[in-house]
Structure formats: structure tokens, C-alpha cells
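Here the structure is laid out as C-alpha cells; the discussion comes afterwards.
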2 protein chains.
Amino acid sequence: MATGRPTHPADRGRPANRGRGIPEATVARLPLYLRALTALSERSVPTVSSEELAAAAGVNSAKLRKDFSYLGSYGTRGVGYDVEYLVYQISRELGLTQDWPVVIVGIGNLGHALANYGGFASRGFRVAALLDADPAVVGSSAAGLPVRHMDELEQIAEEEQVSIGVITTPPGAAQQVCDRLVAAGVTSILNFAPTVLSVPDGVDVRKVDLSIELQILAFHEQRKSGEDGAEQSVTGPTPKAATKLRRAPSSGTDGEFPAVMPA
Amino acid sequence: MATGRPTHPADRGRPANRGRGIPEATVARLPLYLRALTALSERSVPTVSSEELAAAAGVNSAKLRKDFSYLGSYGTRGVGYDVEYLVYQISRELGLTQDWPVVIVGIGNLGHALANYGGFASRGFRVAALLDADPAVVGSSAAGLPVRHMDELEQIAEEEQVSIGVITTPPGAAQQVCDRLVAAGVTSILNFAPTVLSVPDGVDVRKVDLSIELQILAFHEQRKSGEDGAEQSVTGPTPKAATKLRRAPSSGTDGEFPAVMPA
DNA sequence: TAGATTGTTAATCGATTAACAATC
DNA sequence: TAGATTGTTAATCGATTAACAATC
């Protein structure tokens, strides 16, 4: 199939998913499919089968077809999926065909890394501002943008219609920053600080913890060396002994992030 | 209950979980519980109920008790859980009571951020080496450690018995780096590059994609403004129209990461 | 003992998967 | 038409949750 794209008679309206919405598990996989499709698109591959695309995305093909069925009937039996068309449909479903101004609060190493992260810009996310409360950081620049003072948040949020905020502050500052973001009208927050944030109804928070994945790896790694079934020390220490836990000589609170933002 | 810790008569042996292992969903939550418990421990709180701990970790208490039941009977009815004891048991279960030497490959902004990330050191992870293939980066230092050349990998991995590797290279280099890590004996890989890695059996890969969470937020954010049910443009463009997708003017491949490591 | 809270059961819900009829 | 591959069904599996007996 070169230029002749499928007709898609079922194109107009066809949510395919019964009562309400797309399952969360499916939503979480759409970005994976999108990335694989984008790579195919760049190689000018016109169509792809569920089998091929599933392999590229690292899932099984039944799951992929099921996932796509929630979006509509975008494939052609006997042929596969039109790559460009599917890229568009998934982008639209994820809301990536519109422009999302984002503020990043806390410009340490991680804030820097995110500001430079090409994956944002290429998916409709635009960094509206980099903010920090530390006067030593304010005025420097990252990824070609100036770091501005936290106090400019409210004005920027209104002017640029910012609805998404990214928190990359130390944990102690996160809730405070979060409250301020919410007050400024932000309704979606991506939190990299290792803190559980409380937000009012209607505000979404998603959390990324860089050490959780490593801990999960350690869990499985431990089983590997343990062989047979990992029941290394079945007995375990008594509660008494447990008190003498090895603990990193860190000061004060968890101190998980490099100090970046005092306020 | 001040000093009198529960007796835990059921202490010795008691996997509680039937046939095989702890559910993945439970394993993924153990780090959350551990963090909440660590915070309580630092405040010298001696015991905690499932209700309180669940609130601190952001889950519901039935789930938490069910999760803990897979580990054993570590609570005391009518009282709650001994904080220190539980910290120890969860740490042990996750394998965090041992030392895990880790190498980080690709020392750009993100590699820097991870090297500085206190959450690693405080949980048994020790950065054995920072590696990069770019001569301009090799020799500099990050988080007090020298950045060494990728060619030193094999020697370091053997000497330090490294079994966990972190990949923070650009996507183009990731598979190559991955192969080399595996050849050097690494059996767990945490991949921050937006690439699906292939590895032989027996090697675990976990993936962190900084933009996926943002895309999921955008999905939900879109529904908020759409009101009623988000069926904004039911028809959608034809496959033809889709070809003219807005695309960031990025060069070549996805280019998601700031250029860090040429090799 | 009375009150509190765990550990477990059982019901429910949602996600995964294989299989295949529909159909290009 | 024959071959290929989707979209959907139905069975299975795993995770969540409420409820409560066990027990400190």
C-alpha cells in the first residue's frame, strides 16, 4: 500500500468504548505507541501491522489492538495501520495537538535536565518559564531561558494561561510550591519531589520518583543471587535488633534532593 | 506503647503468601511505604496504625494491610506497627540492607542530577562510577566523583561487582551502552533513554520516561476544559489531512535528550 | 474487660490474553 | 479469490476493596 490510504468508512464518530472513557492502563501506554510510531514516521514507513508495532513498543499485539479499539477503528483489515494517521489520532487523544505552556519550579540539576529535555517540546509542551526562589539561581539561564523569581509565578501563569506545573524542588518546599501553583490556576502537577502532595479536588498530581524504580530493580536482583527462592534469613532480626538499622548519615529530613531552592 | 515492643510470636518463618512471591503491584508500593516510615522514624514516632501510614503514603488502608500481609505478620492487633521494625523488614524485602554498587552512564544534566540524588545513597545504592564517552566530559567531576571513560567500564564492573547500571545517554547510544553493560556482567538496568532496549533472558530492564507522565497529565487536562465529555471534534481529520501534522523542527531522530554522549 | 486494630476472606473490579469471525 | 490482519469476544488472571473475626 503506497499512497492509497484506507477509506475509513467508520471514521466519523465511533468511540467504540462503551460507557465511559479510555482505561487508565491504555492511556498510560499511548505515549509508548506514539514514540514507536514517530520513529516509523521518521523512517517514512507508510503502514505498520499490530504485530510489528507491538514489538517496537514492547507490548503484545493483542493488547495493542485492544488499546486501539478504545480509540476507534483506525486500522485496515489485511493491511495494518496508516502510520501518519495513527500518529495524529493518538496525539489528538492525548491532547498533544495543542500547545501546553508549562512552568518548571526549582532549577537544580533535574530542573535543568527537564528544561533541556527535547521530549517535551516535540510533544506540544512549551516551557513558559523556569522559576526558582534562590536569588543565586535567579537570573542565570537554562536551555536558553532565563530563570525567573518565584514571585513572578502568578503573573506568568495568568498571562500564558499555564495549566501544568512541574515541581523539581527539594521535598521541604514542594507542598508550599504546590499550593502556590494551585492558587495561580494550575490544575495539573508533575511532582519530582519525594513528597505526597495534597491538592483540592479537580487538581491532578502525578509523581515521578527516580529512586523507586531502582528499588524495584534491587528487589528482583536480590532474588537472582538468592537462587532457589530467596528465603535467605527466614528468621530475621527481632524488633529489638531492628532498631540498630543502618542509616545513611544524612542530616535532618530525608534530604533526597540536592539543595536547590531554600524558599 | 512506649518501649514495650510487641512480642511477634509469629516472627520466625511465615511467608504468609501462598505459592510464589509478592505481587508486582505490592513490590511497587513498598518504596512508598518505606519513605513514609522513614519520615516517621526521623520524627521518632514509635508505632503507626495502618490507617495513619496509609494516609501518609497516599493509599487506602485495606490495600496497605493486604500488602503487608504478603511480607508476614509484622503488626500487633489493637496497637499497630512498630515503625523501626517495619522499616527494617521492608528494607530487607527490597534488598536495601545490602550495598548495591551502581554505574551511571551518560553524564549530562540528568546523569548529574542522579549522581547528586540523595535518595540513592540513603537506600543502599552506591555510585561506583560515572561514565561517559565524550572526552570533553571525561575528567570533569559530578557529585564529588570523577567522570571516567566508558572504556573503564569492564574493569570497574568486575572490581566493584556492579550488577546495576543506569543509562542516561541519548537514545541513539542506549542499546550499545546496554549491550556493553550486559557483557560486563550487569543484570539490572534502569533506562532513562527513550528507547526500547533488547536484553537477554535474566537481565531486568526498567524504564523511566520523563515525558510520559506529562503526556498522561495532558490527557486528563484536556478532558477538564472539554467539559461534558471531551468529544471535541468527533469527526477528526481524514487520513490525508493527518499527513500535515505539526511536528517540532527537530533534526534527524527523535533527539529527545540533550546531546551528551556521542559514542 | 472494653476498645482498637490487624490479618484475612470473599466479592468486585479492571486488565490481559488467546482465539477467531469479519473484512480488506 | 486467497492471504493477511484487524476488531471483538470471552475466558482468565491479578489487583482492589469492604467487611469482620481474631486477638492484642
Side-chain angles (χ1 to χ4, degrees), chain A residues 1-2 4-11 14-30 32-33 46-55 57-83 85-86 89 239, chain B residues 1-2 4-11 14-30 32-33 46-55 57-83 85-86 89 239:
Chain A
M1 198 187 106
R5 290 206 181 72
T7 339
H8 295 284
D11 205 14
R14 176 87 119 74
N17 46 339
R18 295 105 343 176
R20 248 23 6 219
I22 300 175
E24 265 308 310
T26 296
V27 172
R29 279 188 294 268
L30 292 181
L32 300 180
Y33 301 142
T47 58
V48 67
S49 70
S50 61
E51 201 68 58
E52 295 164 326
L53 184 56
V59 304
N60 92 23
S61 68
K63 191 188 289 184
L64 178 142
R65 288 198 300 277
K66 185 83 167 128
D67 283 342
F68 286 178
S69 78
Y70 292 113
L71 309 184
S73 288
Y74 295 145
T76 306
R77 290 164 138 103
V79 176
Y81 299 91
D82 181 274
V83 171
Y85 186 53
L86 199 48
Q89 291 298 345
Chain B
M1 198 186 108
R5 290 205 182 74
T7 339
H8 294 285
D11 204 14
R14 177 85 120 75
N17 47 338
R18 295 99 354 171
R20 263 349 38 206
I22 300 173
E24 266 308 310
T26 296
V27 172
R29 280 187 296 268
L30 292 181
L32 300 180
Y33 302 142
T47 59
V48 67
S49 70
S50 62
E51 202 67 56
E52 295 164 324
L53 184 54
V59 304
N60 92 23
S61 68
K63 191 188 287 182
L64 177 142
R65 287 197 302 277
K66 185 81 166 129
D67 283 342
F68 286 179
S69 77
Y70 293 114
L71 309 184
S73 289
Y74 295 147
T76 306
R77 288 164 138 106
V79 177
Y81 299 91
D82 181 274
V83 171
Y85 186 52
L86 199 49
Q89 291 298 346

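It should be emphasised that the depicted structure is a prediction, and the values quoted were computed from it without experimental measurement. Quick note: numbers below take in every heavy atom, side chains included, and nothing from hydrogens, waters or symmetry partners. Order of the sequence lines fixes the chain letters, A, B, ..., with proteins taken first and strands second; residue numbering starts at 1 for each chain.
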Residue pair A:S69, A:R65: steps toward the side-chain contact (heavy atoms from CB on, under 4.5 Å) verdict: CA-CA 6 Å; A:S69 78; A:R65 288 198 300 277; over 6 Å; no

Go through the steps for B:T47 and B:T76 under the test side-chain contact (heavy atoms from CB on, under 4.5 Å), then give the verdict. CA-CA 10 Å; B:T47 59; B:T76 306; over 6 Å; no

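Distance, B:D67 CG to D:dT16 C1': 10 Å, rounded to whole Å. When rounded to the nearest whole Å, the span between CZ of B:R29 and P of D:dA15 equals 8 Å. What separates CG of B:L86 from P of C:dT6 is a distance of 11 Å, to the nearest Å. Between the C1' atom of C:dA4 and the CD atom of B:E51 lies a distance of 12 Å, rounded to the nearest Å. Rounded to whole Å, the distance from CG on B:L71 to C1' on C:dT6 is 14 Å. Per the geometry, CG belonging to A:L53 stands 13 Å off P belonging to D:dT5, to the nearest Å. Whole-Å rounding puts the A:Y70 OH to D:dT9 P distance at 11 Å.
Each of A:G78 and B:Y81 has a nearest nucleotide on DNA chain C; the 5'-most of these lies closest to B:Y81.
Helical stems involving DNA chain C, defined as 3 or more consecutive Watson-Crick or G-U pairs under 3.5 Å, span C:3-24 with D:3-24.
Proximity of the aromatic rings of B:Y74 and B:Y85 is defined here by a centroid distance below 6.0 angstrom, and this criterion is met.
Closest non-hydrogen pair, A:S61 versus A:S50, comes out as CB-O, 3.8 Å. The two residues B:Y81 and B:S49 make their nearest non-hydrogen contact at CD1-C, 4.5 Å.
Between the CD1 atom in A:I22 and the CZ atom in A:R29 there is a gap of 12.0 Å [rounded to 0.5 Å].
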Filtered N/O pairs between nucleotides 17-22 of chain D and protein, under 3.5 Å:
{"from": "D:dT17", "atom 1": "OP2", "to": "B:N60", "atom 2": "ND2", "distance (Å)": "3.2"}
{"from": "D:dT17", "atom 1": "OP2", "to": "B:K63", "atom 2": "NZ", "distance (Å)": "3.4"}
{"from": "D:dT17", "atom 1": "O5'", "to": "B:N60", "atom 2": "ND2", "distance (Å)": "3.4"}
{"from": "D:dA19", "atom 1": "N6", "to": "B:R65", "atom 2": "NH2", "distance (Å)": "3.4"}
{"from": "D:dA22", "atom 1": "N3", "to": "B:R77", "atom 2": "NE", "distance (Å)": "2.9"}

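Taking 4.5 Å as the limit, some side-chain heavy atom of A:F68 sits within range of a side-chain heavy atom of A:L53. Side chains of B:D67 and B:V59 form no contact here, defined as non-hydrogen atoms less than 4.5 Å apart.
Side-chain nitrogen and oxygen atoms of B:S50 include at least one within less than 4.0 Å of the OP1 or OP2 phosphate oxygen of C:dT6.
If you check every strand for non-hydrogen atoms under 4.0 Å, A:E24 touches sugar and phosphate atoms only.
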